[in-house]
Every structure is written in C-alpha cells, then in structure tokens.
Amino acid sequence: MVSWIISRLVVLIFGTLYPAYYSYKAVKSKDIKEYVKWMMYWIIFALFMTVETFTDIFLCWFPFYYELKIAFMAWLLSPYTKGSSLLYRKFVHPTLSSKEKDIDDCLVHAKDRSYDALVHFGKRGLNVAATAAVTAAAKGQGALSERLRSFSMQDLSSIRGDSPSPSPIPVRTASKGTKAKLTRSVTQYAEPSG
C-alpha cells in the first residue's frame with residue numbers, strides 16, 4: 001500500500017507537474033529544442049498512462065511493480081538517459097509514421113460515426129422527453145379537473161370549519177301586472193357529487 005501511494009505521488013509530482021512547468025517555460029521562451037523535447041515527453045507519458053491503466057489491474061501483484069514504475073518515471077525524465085526522447089525516436093515515431101494515414105482515416109470515420117450517433121440519440125431523447133411531457137400534462141390536467149370537480153360548496157365550507165346552514169333564497173315571479181311580487185322562499189342545498 002505504501003509503494004502504491006509513493007508511486008502515485010511520484011507520477012503526479014515528477015511525471016505531471018514538473019514536466020508541465022517546464023513545458024510552460026519552453027512555450028514562454030519559444031525555445032524550439034526544449035519545446036520538441038517536452039512534446040516527445042508528453043506523447044510518451046500519454047502512452048505510459050494508457051498502459052499503466054491496464055498494468056495496474058493485472059500486474060500490481062508483481063513484486064516491486066510500483067518501484068519499477070518509479071524507476072521508469074525517473075528514466076523518462078532524466079537529462080542523462082533522455083528516456084522519453086529515446087523511446088519516441090526508436091519506437092513511437094517510426095510506428096506512428098508508418099500508420100499515420102490509417103490512424104487519420106480511423107479518427108475521421110469515428111468522428112463521423114460519433115456525430116451521427118449523437119444526432120440519432122439526441123433526437124430519440126427529445127422525442128421521449130416530449131412524449132413524457134405531453135403524457136404528464138394530459139394526466140395532470142385530468143387529475144386536476146377531477147379534483148376540482150369533487151369539491152362542492154359543502155366540502156369547501158367543511159374545510160374552513162363552518163357548518164353548512166340553509167339560507168333562504170327569495171324567488172321573484174312576475175305577475176300579470178308590471179310589479180314583481182315575492183311569492184315564496186326556497187331553500188337550496190348543494191348536493192356533493194362524486
């Protein structure tokens with residue numbers, strides 16, 4: 001466990017932060033030699049991180065695995081061994097040069113397919129969201145109207161705590177004459193529905 005923590009710290013500090021600072025200085029000073037040196041390092045470091053992802057899973061049980069990673073990182077960064085430059089010039093550059101056209105074609109094809117897939121799944125996602133919104137609105141409207149329809153005056157008055165009291169409502173009818181006369185009072189109750 002201690003070896004793992006130390007190797008992570010070495011990769012973080014010496015494998016990432018230290019080269020990042022010197023890459024910044026190379027870009028700032030516009031020194032082409034330093035710039036190329038650090039670009040070669042970052043290409044090798046990217047490959048190292050890719051390989052490390054799988055070797056950490058399958059080879060972590062190997063004795064001195066983490067110590068070997070620390071030694072490899074020191075070898076990559078050392079100005080005496082120039083490990084990253086050596087690996088780049090002997091292996092990476094010849095391999096990438098011979099496969100460059102195939103890699104470019106593959107990347108263009110993957111870019112086109114990923115764009116098409118993004119558009120396809122985006123449309124499907126929007127359709128699903130729109131359908132869900134319409135369904136929810138329709139169900140919500142129906143539930144709301146049912147809820148409102150279930151209230152009657154008696155229900156509303158009982159919510160407030162008032163007891164419904166019958167109130168006479170006078171009804172006026174017109175007689176043969178021009179004057180309206182009060183004929184009777186009618187008591188109406190609101191009947192609860194539903």
Side-chain angles (χ1 to χ4, degrees), residues 1 3-62 65-77 82-147:
M1 184 69 166
S3 297
W4 178 81
I5 293 171
I6 293 171
S7 74
R8 295 306 319 157
L9 286 173
V10 166
V11 169
L12 177 67
I13 294 169
F14 296 107
T16 307
L17 296 177
Y18 172 81
Y21 180 72
Y22 276 97
S23 297
Y24 157 76
K25 290 188 66 96
V27 169
K28 185 178 174 185
S29 70
K30 298 179 183 167
D31 183 4
I32 300 297
K33 186 177 177 185
E34 282 294 306
Y35 185 76
V36 169
K37 172 184 143 184
W38 288 111
M39 285 303 294
M40 287 189 287
Y41 170 79
W42 286 114
I43 292 169
I44 296 299
F45 185 75
L47 293 172
F48 167 73
M49 292 302 290
T50 303
V51 170
E52 180 193 34
T53 301
F54 298 105
T55 59
D56 277 356
I57 295 170
F58 298 113
L59 297 177
C60 65
W61 56 269
F62 191 75
Y65 170 72
Y66 295 110
E67 289 79 3
L68 289 172
K69 277 178 35 176
I70 293 169
F72 180 73
M73 190 58 55
W75 179 76
L76 281 181
L77 285 169
K82 298 180 183 175
S84 60
S85 179
L86 179 73
L87 283 176
Y88 179 80
R89 290 189 177 145
K90 293 275 185 184
F91 300 106
V92 176
H93 182 73
T95 304
L96 288 177
S97 293
S98 67
K99 307 272 186 197
E100 187 172 3
K101 180 154 177 41
D102 295 335
I103 293 170
D104 288 342
D105 291 342
C106 183
L107 288 174
V108 167
H109 183 65
K111 180 181 169 186
D112 292 341
R113 286 183 58 200
S114 65
Y115 178 76
D116 292 341
L118 179 69
V119 168
H120 173 71
F121 287 117
K123 284 180 182 178
R124 286 186 67 195
L126 287 174
N127 285 339
V128 167
T131 302
V134 168
T135 303
K139 286 184 179 178
Q141 171 115 17
L144 182 62
S145 64
E146 286 297 317
R147 185 83 168 161

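Along the sequence shown, the residues carry numbers beginning at 1.
- By the 4.5 Å heavy-atom criterion applied to side chains, K69 and D56 are counted as neighbours.
- Under the ring-ring contact (aromatic ring centres under 6.0 Å, His included) criterion, F45 pairs with Y41, W42, not counting sequence neighbours.
- Considering only heavy atoms from C-beta on, M40 comes within 4.5 Å of R89 through its side chain.
- Sorted by first then second residue, the ring pair (Phe, Tyr, Trp, His ring centres under 6.0 Å) pairs that include residues 14-34, not counting sequence neighbours, are Y18-Y22.
- Annotation: the span from T55 atom OG1 to E52 atom CD amounts to 6.0 Å, rounded to 0.5 Å.
- The NZ atom of K111 sits 13.5 Å away from atom SG of C106, with the distance rounded to the nearest 0.5 Å.
- Summarising the geometry, atom CG belonging to L126 is positioned 12.0 Å from atom CZ belonging to R124; distances are rounded to the nearest 0.5 Å.
- Formation of a donor-acceptor pair under 3.5 Å by the Y35 side chain with backbone atoms of S29 is not found in this model.
- Checked against side chain to side chain contact (heavy atoms under 4.5 Å, CB included), I103 has the following partners two or more places apart in sequence or in another chain: L96, K99, L107.
- Looking only at distances, no side-chain donor or acceptor of T16 sits under 3.5 Å from a matching main-chain atom of I13.
- The OG1 atom of T131 sits 6.0 Å away from the CG atom of N127 when rounded to the nearest 0.5 Å.
- Looking at K101 and D105, their side chains come closer than 4.5 Å, going by heavy atoms from C-beta outward.
- The CG atom of L9 sits 9.0 Å away from the CD1 atom of I70 when rounded to the nearest 0.5 Å.
- Looking at heavy atoms from C-beta onward, L87 lies in side-chain contact with W75 at the 4.5 angstrom threshold.
- Taking the side chain as every heavy atom from C-beta outward, M39 and Y88 never approach each other to under 4.5 Å.
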